[in-house]
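Any value given below was found using the heavy atoms of this structure, including those in side chains, with hydrogens, waters and symmetry copies removed. Proteins come first, then strands; the chains are lettered A, B, ... in the order of their sequence lines, and each starts at number 1.
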Amino acid sequence: MDTPDSSKRHLYLVDGSAYIFRAYHRLPPLTNPRGVPVGAVYGYTTMLWKLAEDLHKADGPTHLAVILDKGSTTFRNALYDQYKANRPPPPEDLVPQFPLIRDATRAFSLACIEEDDLEADDLIASYAREATRLGWDVTIVSSDKDLMQLVGTCSEGGGCIDMLDTMKNLRIGIPEVIEKFGVPPELVGDVLALMGDSVDNVPGIRGIGPKTATKLIQEHGGLENALAAAPAMKAGKLRESLIEQAEMARLSRVLVALKEDCPLPIPLEDFALGQIPRDPLAAFLEEHGFTSLLRRLDDGKGSPGPKTQLNPAKPETGAAPAAPQGSRQPLPAWPTVDLAAYQCVQSMGELQQWIARAFAARVVAIDTETSALDSMQADLVGISMALGPNDACYIPLGHRGTDMFAEMPLQLDRAEAVAALKPLLESDAVLKVGQNIKYDLTVLARHGVDVAPIDDTMVMSFCLDAGRSETGIAGHGMDELADRHLGHTTMTFKELCGTGKKAISFAEVPLADATRYAAEDADVTWRLHRLFAPRLLEEGGTRIYQRVDRPLVTVVAGMERAGIKVDRERLAGLSATFTTRIAELEAVIHEKAGGPFTIGSPKQLGEVLFDRLGYKGGKKGKTGQYSTDQSVLEGLAAQGAEVATLVLEWRQLSKLKSTYTEALQAAINPQTGRVHTSYSLVGAQTGRLSSNEPNLQNIPIRTEIGRQIRDAFVAEQGNVLLAADYSQIELRLAAHMADVPALKEAFAGGEDIHARTAMEMFGTVDRDTRGRAKTINFAILYGISRWGLAGRLGCTAEEAQAMIDRYFERFPGIQRYIHDTLEKVRECGYSETLFGRKTWFPRINSKNQAERQGSERAAINAPIQGTSADIIKRAMARMGPALIEAGLPNVRMLLQVHDELVFELPEGDVEAARPVIERVMAGAAEPSVRLTVPLGVEIGTGLSWGAAH
DNA sequence: GAGGTCACG
DNA sequence: GACGTACGTGACCTCT
């Protein structure tokens with residue numbers, strides 16, 4: 001600071017919500033590179049920029065916070081239910097900009113505050129009062145007339161309050177307030193109470209406007225005096241109104257009064273301005289295409305520009321740049337992980353200190369420790385937090401004694417600690433970082449905490465490095481990431497809790513060990529986040545991470561938590577039927593085989609079929625074992641081997657019973673009575689989700705007998721299930737991406753695409769040619785080989801090759817797509833979806849032909865499968881807000897099955913929900929990508945999942 | 001833990 | 001000429 005009196009504090013309080021409305025109306029409707037409207041965000045960003053430029057001026061801010069309105073109702077609605085009821089909804093293209101305001105604030109590393117039940121004005125008033133009490137000067141960045149009540153007030157402390165209208169570049173002091181209202185600031189509230197406010201729906205007194213209100217207050221010196229003087233006034237409308245509506249005026253006075261004693265969620269000192277780190281700001285400016293600001297950021301010559309304060313120095317942690325594939329990147333200059341440095345938090349005082357420090361840090365890595373792996377059932381045992389390298393703590397909450405005689409460990413009351421952490425975990429001003437934070441979201445949601453905003457290092461790793469590994473599939477687990485990126489070997493859960501029968505619950509781990517383990521996880525997560533955030537920007541992963549995968553984390557957590565109801569009795573009934581039939585089959589198979597054997601053992605079955613019974617066609621694989629899979633058994637059955645037919649039926653029923661009818665009953669959550677799958681966001685290299693424990697993405701549908709299992713997935717009483725499918729989405733995307741006129745035309749015309757293919761290929765459409773065409777269409781999507789196609793179609797490789805040639809000829813574009821895709825992957829090492837998701841293929845140039853060809857097929861498929869995954873993920877991220885906006889808060893999204901979404905909704909909502917869901921799904925590529933084929937969506941409803949198809 | 005099989009898109 | 005023979009998953013079973 002170059003101010004003479006360097007101890008003088010000057011607090012700027014930015015009225016963010018008010019600003020954004022004004023900026024919206026004053027600025028042209030800009031959109032960012034993704035087509036998202038950002039005009040108001042741009043205005044807001046330039047305003048913050050201007051304020052940042054004032055940093056080093058003599059009377060510039062030393063402290064700054066942005067205050068936002070949070071909810072739509074506040075305590076004032078309890079006083080007067082019509083308060084602000086007349087407000088029109090914000091313009092459609094402004095709505096998506098609200099959350100970006102927070103992003104912008106965070107990008108400047110500024111504090112951002114919003115509280116339920118309070119308006120921004122109240123928080124501003126409370127902070128302003130507190131600051132002046134301490135002798136600070138305060139500038140309120142706003143032009144809101146309500147806030148003018150605060151201007152000029154000097155307390156004993158000596159601090160003064162003024163306002164700054166950045167748009168008009170106007171300082172508002174006492175003279176300006178008097179000019180506007182005709183009265184000094186302390187009487188502004190009385191004037192406002194008389195005149196009312198039509199926008200906020202403050203009633204005031206009908207017939208009294210600003211002029212009369214000012215005159216009355218000037219004459220009588222205050223509202224109560226004016227009301228008291230009314231009976232003595234000369235008869236007329238004014239006198240009558242004042243008498244009749246005196247109570248309305250008094251209510252209005254309360255409504256316009258600012259609440260100056262709100263609890264302050266963040267201490268004033270934490271608003272201290274320091275250097276503004278460059279990287280997050282640059283990332284934000286780039287993401288939204290604010291290129292002129294970005295240039296100014298990097299242009300050191302602009303003086304007196306923000307350069308000196310918006311210091312472009314590398315982040316203090318020295319994040320390492322991306323490493324070339326395969327080589328270890330240089331390790332960041334951080335102190336090595338020191339398990340002894342972590343604090344075990346055992347008092348509320350210590351906890352409060354950590355919370356305050358986390359607010360100040362604005363980024364906190366968190367990790368929850370629980371008693372089990374299932375986030376829907378696990379009990380919360382503790383929470384760890386990290387604010388920097390080795391700056392981490394563990395808060396034990398649910399530990400037991402190490403044995404039944406041991407004393408209970410000293411720890412905070414769980415409910416009390418969670419309540420203390422809740423404002424931090426829910427604060428928009430603080431980014432919560434987790435490794436697989438979806439798990440923590442679910443656990444904490446069950447304790448009433450909705451964690452936001454979030455980052456997930458596992459998902460970040462996936463967006464950077466999907467498929468990227470010399471030896472195979474790159475994992476994104478914490479231990480692996482710590483080793484790969486930090487050169488650090490983490491404590492393993494096994495070391496701590498053991499395995500198998502001797503395993504103990506985390507709740508039984510002694511606090512000292514638990515602290516080392518849990519805090520280390522948070523510490524490592526914090527470090528990984530510091531590495532990944534700049535890499536995403538440099539390597540082009542920001543778009544897919546910020547726009548698709550990050551928003552999805554919270555959405556998917558919600559779906560998992562919702563679960564789906566299954567009809568236990570129905571499953572049990574099916575199980576019993578299957579059991580009986582399986583026993584019958586077993587007896588007959590053993591009889592035909594000439595003795596008992598384990599039918600479920602492919603090895604024994606092969607020997608029975610090909611050695612003992614002497615059937616032909618036995619093929620041994622590389623393990624020296626006969627193959628007995630479906631196609632082999634079907635071949636035997638065609639030769640008249642009845643036992644093969646019986647084994648096929650046995651296999652089908654055994655599969656259905658063990659994997660579905662039995663396992664699903666066991667998967668019903670005893671608390672919710674529903675089945676909660678867990679989705680992995682990093683499970684499939686192409687960007688698809690995967691589902692596990694239980695897998696709800698492979699519930700039978702293709703056979704009649706399997707389909708009965710789908711009928712056991714049901715809606716709650718009074719509700720129905722709605723299933724919405726993209727039809728032929730991958731073929732449509734192939735038509736678009738390879739630019740195939742005939743296919744695009746067929747999709748545009750709503751034709752049967754396989755029939756069209758049959759016509760092009762064979763000149764005629766019947767069952768047979770359509771079926772063959774369908775096979776070929778899929779073969780194309782999966783990276784064709786003549787051998788594979790020949791096997792599927794039952795023809796020779798030469799005939800298959802002829803068909804491939806014909807396909808390329810009829811559908812020009814396909815061959816070029818395959819060629820270009822492979823070219824790019826060979827060159828860059830990765831493929832990309834239309835939305836920029838990368839999948840790495842480290843073995844694309846392998847000397848091993850099988851390996852190489854396998855990579856080539858996967859590389860041809862990945863952009864198509866991945867783009868499809870991006871599209872449905874975008875639809876999922878938008879679905880919740882779209883349904884809320886449509887007034888359908890009771891429609892719940894439950895499942896995703898790659899090209900299908902399943903919802904549960906009140907029967908009465910079906911007709912309203914159908915078009916909303918259809919629109920969101922069909923339009924999910926836009927505005928990022930303009931497809932040249934329509935996306936078809938088919939919707940069905942029913943009391944069960946089976947019936948909804 | 002690996003291999004085989006089969007449920008799904 | 002061998003290699004293996006369509007992309008992406010997860011669960012269950014048997015056997016080592």
Engineer: Could you give the CD-to-C1' distance, from A:Gln853 to C:dA2, as a whole number of Å?
Structural biologist: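 Between C1' of C:dA2 and CD of A:Gln853: 12 Å.
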Engineer: Report the distance from atom CZ of A:Phe597 to atom P of C:dC13, rounded to the nearest whole Å.
Structural biologist: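 In whole Å, C:dC13 P and A:Phe597 CZ are 17 Å from each other.
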Engineer: Could you work out the separation of B:dC6 and C:dA2 based on their P atoms and round it to a whole Å?
Structural biologist: 29 Å
Engineer: Base, sugar-phosphate, or nothing: which does A:Gly791 touch, judged by heavy atoms less than 4.0 Å apart?
Structural biologist: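 No contact.
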Engineer: Any donor-acceptor pair under 3.5 Å between the side chain of A:Gln849 and the base of C:dC3?
Structural biologist: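 Flag set: donor-acceptor pair detected.
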Engineer: Tell me which nucleotide among B:dG9, B:dA7, C:dC7 gets nearest to the side chain of A:Gln630.
Structural biologist: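 Selected nucleotide (nearest to the side chain): B:dA7.
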Engineer: When rounded to the nearest Å, what value does the distance between C1' atoms of C:dG1 and C:dT5 take?
Structural biologist: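 Per the computed distance, 16 Å lies between those C1' atoms.
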Engineer: Can you tell me which nucleotide in B:dT5, C:dG8, C:dC13 comes closest to the side chain of A:Ser658?
Structural biologist: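 Nearest nucleotide to the side chain: C:dC13.
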Engineer: Distance to the ring centre below 6.0 angstrom and angle to the axis at most 45 degrees; does that hold for A:Lys838 and A:Tyr830?
Structural biologist: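 Yes, A:Lys838 and A:Tyr830 form such a contact.
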Engineer: Considering only side-chain heavy atoms of A:Asn861, which listed nucleotide, C:dC7, B:dC8, C:dA11, is closest?
Structural biologist: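 Given the options C:dC7, B:dC8, C:dA11, the side chain of A:Asn861 is closest to C:dC7.
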Engineer: Looking for any heavy atom pair under 4.0 Å, which part of the strands does A:Ala862 touch: base, sugar-phosphate only, or nothing?
Structural biologist: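 No contact.
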Engineer: Hunt down the Watson-Crick or G-U wobble partner of B:dA7, both distances under 3.5 Å, from any strand shown, or write none.
Structural biologist: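 Looking at the geometry, B:dA7 pairs with C:dT9.
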Engineer: Applying a 4.0 Å non-hydrogen cut-off, can you work out what A:Ser680 is touching in the nucleic acid: base, sugar-phosphate, or nothing?
Structural biologist: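 Touches nothing.
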Engineer: Give the rounded distance in Å between these two atoms: CG of A:Leu681 and P of C:dT9.
Structural biologist: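 Rounded to the whole Å, the gap is 14 Å.
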Engineer: Can you spot which of A:Leu681, A:Val555, A:Leu552 makes a side chain to side chain contact (heavy atoms under 4.5 Å, CB included) with A:Lys873?
Structural biologist: A:Leu552
Engineer: Using a 4.0 Å heavy-atom cut-off, does A:Ile699 contact any base of the nucleic acid, only the sugar-phosphate backbone, or nothing at all?
Structural biologist: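 The answer is sugar-phosphate, as A:Ile699 gets under 4.0 Å only of primed atoms, P, OP1 or OP2.
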Engineer: Should the pair A:Arg826-A:Glu856 be classified as a salt bridge under the 4.0 Å nitrogen-to-oxygen rule?
Structural biologist: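 Result for this pair is yes, salt bridge flagged.
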Engineer: Would you kindly give the OH-to-P distance between A:Tyr660 and B:dC6, to the nearest whole Å?
Structural biologist: 12 Å
Engineer: Separation of A:Leu731 atom CG from B:dG9 atom P, in whole Å?
Structural biologist: 15 Å
Engineer: When you check the phosphate oxygens OP1 and OP2 of C:dA6, does a side-chain N or O of A:Arg857 lie under 4.0 Å from one of them?
Structural biologist: no
Engineer: Categorize A:Asn695 for me: base, sugar-phosphate, or nothing, with a 4.0 angstrom heavy-atom threshold over every strand shown.
Structural biologist: sugar-phosphate
Engineer: What is the nucleic acid contact for A:Ser868, judged by heavy atoms within less than 4.0 Å: base, sugar-phosphate only, or nothing?
Structural biologist: nothing
Engineer: Choosing from B:dG9, C:dA11, B:dA7, which nucleotide comes nearest the side chain of A:Ile701?
Structural biologist: B:dG9
Engineer: Nearest to the A:Thr598 side chain among C:dC12, C:dT14, C:dG10, which nucleotide is it?
Structural biologist: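 Taking heavy atoms from C-beta onward, the closest nucleotide is C:dT14.
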Engineer: Answer yes when A:Lys438 and A:Glu560 have at least one side-chain N-carboxylate O distance shorter than 4.0 Å, and no when they do not.
Structural biologist: yes
Engineer: With the criterion set at under 5.5 Å between ring centres and under 30 degrees between planes, would C:dT5 be stacked on A:Trp787?
Structural biologist: no
Engineer: Taking only side-chain N and O atoms of A:Arg702, does any of them lie within less than 4.0 angstrom of OP1 or OP2 on B:dG9?
Structural biologist: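 For B:dG9, OP1 or OP2 has a side-chain N or O of A:Arg702 closer than 4.0 Å.
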Engineer: Would you call A:Glu584 and A:Arg581 a salt bridge, taking side-chain N to carboxylate O under 4.0 Å as the test?
Structural biologist: yes
Engineer: Hey, does A:Glu900 reach any base, or is it just sugar-phosphate, or nothing, if we go heavy atoms under 4.0 Å?
Structural biologist: nothing
Engineer: Within the structure shown, what part of the strands sits under 4.0 Å from A:Ser678 by heavy-atom distance: base, sugar-phosphate, or nothing?
Structural biologist: nothing
Engineer: May I ask you to decide if A:Glu730's main-chain N or O and A:Ser868's side chain share a donor-acceptor pair within less than 3.5 Å?
Structural biologist: no
Engineer: Go through C:dT5, C:dC13, C:dG8 for me and flag the one nearest to the A:Ser785 side chain.
Structural biologist: C:dT5
Engineer: Need the pair for C:dC3. Rule: Watson-Crick or G-U wobble, both distances under 3.5 Å, any strand; none if unpaired.
Structural biologist: none
Engineer: Measuring to OP1 and OP2 of C:dC13, would you say a side-chain N or O of A:Ser601 lies under 4.0 angstrom away?
Structural biologist: no
Engineer: Between C:dG10, C:dG8, B:dG4, which one does the side chain of A:Lys655 approach most closely?
Structural biologist: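 In terms of side-chain proximity for A:Lys655, the closest of C:dG10, C:dG8, B:dG4 is C:dG10.
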Engineer: Can you check the A:Gln652 CD to C:dA11 P distance for me, whole Å?
Structural biologist: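 Atom-to-atom, A:Gln652 to C:dA11, this comes out as 20 Å.
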Engineer: Over 60° means perpendicular and under 30° means parallel, so classify the ring planes of A:Phe778 and A:His754, tilted if in between.
Structural biologist: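 Plane angle between 30° and 60°, so tilted.
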Engineer: Quick one, A:Arg816 with A:Asp739, criterion salt bridge (Lys or Arg N to Asp or Glu O under 4.0 Å). Give me CA distance, side-chain angles, the key distance, then yes/no.
Structural biologist: CA-CA 10 Å; A:Arg816 185 165 31 81; A:Asp739 192 19; 5.1 Å; no
Engineer: Think A:Ser690 has a side-chain N or O under 4.0 angstrom from the OP1 or OP2 of C:dG10?
Structural biologist: yes
Engineer: Output the rounded distance in Å from CD1 (A:Ile804) to P (C:dA6).
Structural biologist: 12 Å
Engineer: Would you mind reading off the distance between A:Lys873 atom NZ and B:dG9 atom P, rounded to a whole angstrom?
Structural biologist: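 Atom-to-atom, A:Lys873 to B:dG9, this comes out as 19 Å.
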Engineer: Think A:Gln604 has a side-chain N or O under 4.0 angstrom from the OP1 or OP2 of C:dC15?
Structural biologist: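 Affirmative; the distance criterion is met.
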Engineer: Phosphate oxygens OP1/OP2 of B:dG3: is one of them under 4.0 Å from a side-chain N or O of A:Thr623?
Structural biologist: no
Engineer: Would you mind telling me which residue lines up with the more 5' stretch of DNA chain C, A:Ala850 or A:Lys603, judged by nearest nucleotide?
Structural biologist: A:Ala850
Engineer: Using a cut-off of less than 4.0 Å, is there contact between a side-chain N or O of A:Arg792 and OP1 or OP2 of C:dA6?
Structural biologist: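 So the side-chain polar atoms of A:Arg792 do come within 4.0 Å of the phosphate oxygens OP1 or OP2 of C:dA6, strictly under.
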Engineer: Just checking A:Ser691: base, sugar-phosphate only, or nothing, at a heavy-atom cut-off of under 4.0 Å?
Structural biologist: sugar-phosphate
Engineer: Counting only side-chain N and O atoms of A:Gln697, is one of them less than 4.0 Å from OP1 or OP2 of C:dA11?
Structural biologist: no
Engineer: Provide the distance between the two P atoms, one in C:dA6 and one in B:dT5, to the nearest whole Å.
Structural biologist: 15 Å
